[in-house]
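Here is how names work: the chains are called A, B, and so on, in the same order as the sequence lines, proteins then strands, and each is numbered from 1. Just so we're clear, the structure is a prediction, and the values are computed from it rather than from any experiment. In what follows, every heavy atom counts, from backbone to side chain, and hydrogens, waters and symmetry copies are set aside.
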Amino acid sequence: MTVAGIDGSAAHLSDTLFTTAIAVYALAMVGYTAEYAFGRRGRVAATAVPVRQRQLIGAGGPPVSEAAVPPQLPARGSGADRVGRGAVLLTVLGLVIHTASIGVRAVAVDAVPWSNMYEFASVAGLVGVLAFLGVLWKSPSIRHLGGFVLLPVVLMMFLAGTVLYSRAQPLVPALQSYWLAIHVTLAAVSEGAFMTSAVLTLLFLAKKRQDRVGGNGRLATLAARLPATQTLDKVAYRIVAFAFPLYTVAIICGAIWAEAAWGRYWGWDPKETWAFIVWVVYACYLHARATAGWRVRAASWINLLGFCAITFNFLVVNIVVSGLHSYAGLS
Amino acid sequence: MTISLVRPLRAAWRRLTSMRTALVLLFLLAVAAVPGSLLPQRPLNPSATRAYLSAHGGWGRFLDALGLFDVFGSPWFAAIYLLLFVSLVGCLVPRIRVHARALRRAPLPAPKNLDRLPESARFETADPPDRSAAAARAVLGRRWRVMQRPEEDGAITLSAEKGYSRETGNLIFHVSLLAALVLIAIGRLYTYEGNRIVVQGHGFCNVVSQYDSWKPGRFAAEGRISPAPFCMDVSRFSATYTASGEPSQFRADVQYQPTVRAPLQPATIEVNHPLRLEGDRVYLISHGFAPEVTIRMPDGSVKHDLEAFVPTDASTLLSEGAFKEQGPVGKKQDVGISGFFAPTPVDEGNGIISSASPRVDHPVLGLIVYVGDLNYTGLAQSVYSLDTTKMHKLGMVNLRVGQTKAFADGVSVRFDGWRAWAGLQVSHDPAQGYLLIAAVLMVAGLLLSLGVRRRRVWLRLTPAIAGTADSPTVVAVGGLARSDSGNFTAEFADLLERLRSAGRPAHEALVGAGRE
């Protein structure tokens, strides 16, 4: 035992599991990327539209126009398919190890393990992977996009394990509150969802550009394998529509906690200010999407701006700016 | 004259209440908040602001003139949110009117050609139109608002609409947002915040004059709010630390009287657990040490003193403070002592003592003793530091509890012991409970406005054989999604399947007849 109140061997085990999870995710990422790069072309319009149902109603009605390209995976048993399946298996394995790492850390500190940047990044990464697996469950045709989700997750976890790492420590009195579990979980889940939306928005912009410019370079070939722009945009929007109320509740819970801990519900602490900025930017996005006459592409840039604000709030505000939320665990 | 003014005013009003302007204002609000997080803010951190100003000279004064050290209190920030507020009101009022009308109005008649709608299909049933209309209404159930209309050629149309609560939620969100802004403003007027350091065993009352610092809102500053008349004693303060010196618990046991004549009641205040009284909340904000000394004055008199020291190092609680004892007037026999208190002292090698931990373990009180004139000019002096311009130094010493040191001029100092002090903050904001209600309504409205699916579906039930009473029916269905959420294609297919299976299946021949 190195720190009082901390189970040292458990903390060490958690660190080992964390590193293993990164390695497994990285392997899975290689698998997805291989499937994406070498898989059969032509899944271009693969979307979440349930084609079977479309055909069912087609019996007495007008001809079904959209179902021309069913969502397809590489032919079963082909090399690309096997690689893709392997990548999903690895992702699940990584998820199990990752969850174990967080669970063991919780045992080690005897509290919810997201009280500093390292722990928060770990949990947010877990949310990202879970979100991807959830979407994959619903529409398996997006499997080859796994690399785009795992890349930021692996990068963030690597950053967490190296630069942001902090030893397992018991909670300081200000953090000893059940609001820690509520407020920070909501923030992690909504920010993880915003991240997924931002990734899809980037893919949307890439695809949009490819549709406009065309070309047949290597990048164009890669963009051709993305789902249709409409699908990407719609899913990105729906994720924000899900995450925005959650983020709102996270801010409100933060305000309730601040009232109990610091004596006021809102004090323009840098973290609060940036949460406000993020909230306002995503509110702009929702309004831009709802307003006729705004081009979808303009709204997409607002979405990306929102995620930039989240990143700034997480990295710069925690590390550079000092405020009441200074629990980064870095010294 | 008036007419020439009305038109530009109306145009300006229309522009202000347009969505585009609201978006630009929202965006400006986000941008305007950025400097508030990057530059030190005077209301939050006055000393950092002063340091920034003195370090940056003309640039700092320029920023100060722009109000960038109090962004959230600056006129331009207020201008943005007031414009946004007006824009929001101007946008909401007509929308509420339109929505109220829509709620009362029957669903729109079916368009001529249902096949042109984004989703459409046809099927046949053996039931006659009126019976299949009844079956369709049963399938639609209570979630859809349905209007049945006959058409001239014997056909029946059904107009069905659902998801009205989407716009209701949208309006609830925005109205609650307005209410929240108003409540925040009201809270700002009535609020006050007082801070007081209370040494264990001592107390204070909720009176302006008893606070070390007092931040009133406008009405409190004008004396229009009388603070609740409670008094409070800190009977015990305890801090618990882990072996490595990390704090694990702070706790103040207090006795308080809710009103002047009420009996004393015990209570405990901890971080995250303020004491909530009628209208006021009492928080444990900080803590520290108050050393106790006995001083023999140059004239032979003996004085006991207990002074709260302020921590200069938050992690080790090395603290600084001063004792000021006045001698006979005009004799320059005042004794001034500036000192530091090290709870867990470590000798850094050259006789300089610092502290290793906030826990108290054989503490040391380091003193520099002066004699002369304390220079009380009537101006306020900090209780934590000494004005030594009219004093001369007698010497310095590091004392442990119980030790005494004698100096020249008959002065001696004894370190008697120490007590803990608790920094308490009393906050008052009568609007915050209502604000929470507004916030909950905001979330409820948001969930409705983003989650509810606004849908329109029309059915046209045409008799397959015109003029026959018991004719089979051709059912045309068309649907329109009026909001982005959900997957309408799938919903429509599902609804269609249920509509189809509600009626008796038609014979092939009839289907052929219906198509003609």
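Only the side chain of Leu435(B) has a heavy atom closer than 4.5 Å to any heavy atom of chain A. Heavy-atom distances place both the backbone and the side chain of Asn272(B) under 4.5 Å from chain A. Interface residue Phe27(B): backbone and side-chain heavy atoms are both found under 4.5 Å from chain A. Interface residue Ile256(A): only side-chain heavy atoms are found under 4.5 Å from chain B. With a 4.5 angstrom heavy-atom cutoff, Phe242(A) does not touch chain B via any of its atoms. Contact annotation for Trp179(A): neither backbone nor side-chain heavy atoms come within less than 4.5 Å of a heavy atom of chain B. Both the backbone and the side chain of Val34(B) come within contact range of chain A, judged by heavy atoms closer than 4.5 Å. Contact annotation for Trp268(A): both backbone and side-chain heavy atoms come within less than 4.5 Å of a heavy atom of chain B. Looking at Gln425(B), the atoms closer than 4.5 Å to chain A (heavy atoms on both sides) all sit in the side chain, from C-beta outward. Within the 4.5 angstrom heavy-atom criterion, only side-chain atoms of Leu44(B), from C-beta onward, approach chain A.
Among Val71(B), Val440(B), Leu29(B), the residue making the largest number of heavy-atom pairs under 4.5 Å with chain A is Leu29(B). Interface remark: of the candidates Gln249(B), Gln41(B), Gln432(B), Glu193(B), Gln432(B) forms the most heavy-atom pairs closer than 4.5 Å to chain A. Contact tally against chain A (heavy-atom pairs below 4.5 Å) for Ala48(B), Ala476(B), Ala33(B), Ser427(B): the top residue is Ala33(B). When each of Ala260(A), Ala309(A), Ala261(A) is checked for heavy-atom pairs under 4.5 Å with chain B, Ala260(A) comes out on top. When Tyr283(B), Phe250(B), Phe173(B) are compared by the number of non-hydrogen pairs under 4.5 Å with chain A, Tyr283(B) comes out ahead. The residue among Gly267(A), Pro245(A), Ala283(A), Gly263(A) with the most heavy atom pairs within less than 4.5 Å of chain B is Gly263(A).
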Item to check | Ser177(A)/Trp257(A) under side-chain contact (heavy atoms from CB on, under 4.5 Å): CA gap, chis, key distance, verdict | outcome: CA-CA 8 Å; Ser177(A) 167; Trp257(A) 188 9; 3.5 Å; yes
Checklist entry - Trp279(A) and Phe244(A): side-chain contact (heavy atoms from CB on, under 4.5 Å), yes or no, with the steps? => result CA-CA 8 Å; Trp279(A) 191 83; Phe244(A) 186 74; 3.4 Å; yes
Next on the checklist: Go through it in stages, so that I can follow the logic: the residues are His287(B) and Val271(B), the test is side-chain contact (heavy atoms from CB on, under 4.5 Å), and I'd like the CA-CA distance, side-chain angles, deciding distance and then a yes or no.
Outcome noted: CA-CA 11 Å; His287(B) 66 108; Val271(B) 182; over 6 Å; no
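A salt bridge is defined here as a Lys NZ or Arg NE, NH1 or NH2 lying under 4.0 Å from an Asp or Glu carboxylate O, and Arg289(A) with Asp233(A) meets this definition. Under the 4.0 Å criterion applied to side-chain N and carboxylate O atoms, Arg454(B) and Glu167(B) are not assigned as salt-bridge partners. The existence of a salt bridge linking Glu259(A) and Arg276(B) is confirmed by a sub-4.0 Å separation between a basic side-chain nitrogen and an acidic carboxylate oxygen.
Residues Leu450(B) and Ala241(A) approach most closely at CD1-O, 3.5 Å, considering heavy atoms. Of all the heavy atoms in Val240(A) and Ser197(A), the pair that sits closest is CG2-OG, 3.3 Å.
Between Tyr192(B) and His428(B), the angle of the ring planes stays under 30°, which puts this pair in the parallel group of the 30/60° scheme.
Around atom OH of Tyr434(B), no more than 12 heavy atoms belonging to other residues, nucleotides or ligands sit under 6.0 Å away.
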